[in-house]
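None of the values given here were measured: they were computed from a predicted structure. Atoms within a ligand are numbered from 1 in the order they appear, just like the ligands themselves.
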Amino acid sequence: MEENDKKKLITILVPAYNEEEVLNMLYERLEKLMNENQKYDFEILFVNDGSKDNSLKIMQELREKDKRVCYVNLSRNYGKEIGMIAGFDYCRGDAVVIIDADLQDPPELINEMIKYWEEGYDDIYAKRKSRKGETWLKKFTSAMYYKVLQSFTKIDIQKDTGDFRLLDRRCVEALKAIRESQRYTKGLFSWIGYNKKEILYDRDSRAAGKTKWNYKKLIDLSIDGITSFSTAPLRWSTIIGIMVSIVGFVYMVAIIIKTIVSGVDVPGYASTMVVILFLGGIQLVFLGVIGEYLGRAFYETKGRPLYFIDRYNEEKETNKNINKTRNI
Ligand code: UDP
Ligand code: MG
């Protein structure tokens with residue numbers, strides 16, 4: 001390669017929240033990879049998502065040693081989805097690899113991703129063959145969830161795939177253009193399209209530290225997944241509503257005829273209660289469904305910036321992303 005022929009830059013994007021135990025280990029693995037691959041320049045971009053431990057300090061120390069390390073410090077904890085978009089906004093690479101801080105995604109796979117990128121793929125995603133260190137219940141609920149989500153939407157949702165992937169610059173620009181606040185990035189990767197390539201890997205268990213996920217967060221994310229990619233639940237409410245009304249109408253006619261033919265019949269407490277409870281239940285559920293969508297519309301119309309930045313590397317930042325938010 002000629003000297004003035006500028007090498008392409010690859011950003012390794014690491015969203016991190018309370019990851020002090022693994023950051024150094026992760027850096028060592030990435031450093032090895034970066035040093036071995038001389039064909040490209042690399043940048044490690046940590047997004048410190050409001051960690052309450054020493055994560056930020058470790059990132060700063062790493063940057064002192066190695067200027068290829070950059071970090072964005074968010075003003076508080078926003079969650080991984082927002083952490084990723086902050087990373088997209090600040091990354092400089094011609095390609096970006098998103099990787100978890102906890103070494104569940106083996107960094108060595110990045111070389112394979114780069115190979116496919118060179119072949120012209122835009123989005124090379126790693127699909128899990130196995131999931132070590134995850135409970136039976138988590139695997140089962142995850143499998144069920146993908147099924148439900150897929151049945152709700154026409155977009156191909158990638159099963160057993162996390163955020164571990166290499167994205168070409170044009171995918172990153174596409175994702176940056178989507179400024180919705182209740183982000184379901186897993187679905188957005190599919191939504192933007194482009195040339196995709198799947199590679200398989202065994203997912204390790206966490207190197208150290210604890211998972212930040214809990215069932216509440218998973219349920220929230222699941223509902224976000226469905227409501228941001230499909231209005232099928234609203235359609236279902238309409239269809240079920242119509243069916244219940246038809247049954248109700250038939251029953252009404254039957255009661256009227258019965259009353260005319262054989263007079264008023266006082267007992268009927270049980271059937272009345274059943275009807276009231278059943279209809280009341282259905283109404284509440286569908287009000288909830290409508291509420292979910294209304295809530296999303298409420299958040300999006302506020303058009304708030306997705307996050308605020310405390311600092312990018314050494315510089316303190318006032319938020320330059322304000323302009324990037326959607327103008328409605
Ligand atoms: N993470 C984050 N903000 C959060 C929670 C998690 O940036 O509020 C990061 C975390 O540091 C890790 C990645 O997201 O790099 C995945 O988190 P975790 O390992 O806890 O999730 P799991 O692998 O169990 O799904
Ligand atoms: Mg993890």
Measure the distance from atom 14 (O) of ligand 1 to every protein heavy atom, then report the residue, atom name and distance (to 0.1 Å) of the closest one. K80 CD, 3.2 Å

Per-atom filter on ligand 1: closer than 4.0 angstrom to a heavy atom of D100 are 13 (C), 15 (O), 16 (C), 23 (O)

Can you tell me the protein heavy atom closest to atom 5 (C) of ligand 1 and the distance? K212 CB, 3.7 Å

Would you check if the side chain of D168 reaches a backbone N or O of R170 as a donor-acceptor pair within less than 3.5 Å? yes

re atom 9 (C) of ligand 1, the protein heavy-atom contact at minimum distance is P15 O, 3.6 Å

Show which atoms of ligand 1 fall inside a sub-4.0 Å distance from at least one heavy-atom site of A16. 7 (O), 11 (O)

Can you report which non-hydrogen protein atom sits closest to atom 8 (O) of ligand 1, along with the distance? N77 ND2, 3.1 Å

Looking at Y90 versus Y312, is the centre-to-centre ring distance below 6.0 Å? yes

If you take all heavy atoms of S51 and N18, which pair is closest and at what distance? OG-N, 2.8 Å

With atoms numbered from 1 as shown, which atoms in ligand 1 lie under 4.0 angstrom from a non-hydrogen atom of D102? 19 (O), 23 (O)

Test item: D49 side-chain N/O and Y78 main-chain N/O as donor-acceptor pair under 3.5 Å: yes

Just to check, does G83 reach to within less than 4.0 Å of ligand 1 when the distance is taken from its heavy atoms? no

Does any N or O in the side chain of S55 come within less than 3.5 Å of the main-chain N or O of E19, such that one atom is a donor and the other an acceptor? yes

Centroid-to-centroid, F152 to W236, below 6.0 Å? yes

Looking only at protein heavy atoms, which one is nearest to atom 3 (N) of ligand 1, and how far off is it? D49 OD2, 2.6 Å

Under 4.0 Å from ligand 1, counting heavy atoms only, is it the side chain of N18, its backbone, both or neither? neither

Under 4.0 Å between heavy atoms, the region of E19 that gets near ligand 1 turns out to be side chain

Working to the nearest 0.5 Å, report the span between CZ of F308 and CG of N73. 14.5 Å

Taking Q150 for its side chain and I155 for its backbone only, find out whether a donor-acceptor pair lies under 3.5 Å. yes

Among all the protein's non-hydrogen atoms, which is closest to atom 24 (O) of ligand 1, and how far away is it? T211 OG1, 2.6 Å

Under 4.0 Å from a heavy atom of Q104: give me the atoms of ligand 1 that qualify, with their elements. 19 (O), 22 (P), 23 (O)

Apex the Mg ion (ligand 2); atoms D102 OD2 and Q104 OE1; angle rounded to 10 degrees: 100°

Parallel, tilted or perpendicular: which describes the rings of F42 and Y40, with under 30° parallel and over 60° perpendicular? perpendicular

Any side-chain to backbone donor/acceptor pair from K196 onto F189? Under 3.5 Å, distance only. yes

What is the nearest protein non-hydrogen atom to atom 18 (P) of ligand 1, stated with its residue, atom name and distance? R206 NH2, 3.5 Å

Just to confirm my output: which protein heavy-atom neighbour is closest to atom 22 (P) of ligand 1, and how far is it? W213 CD1, 3.1 Å

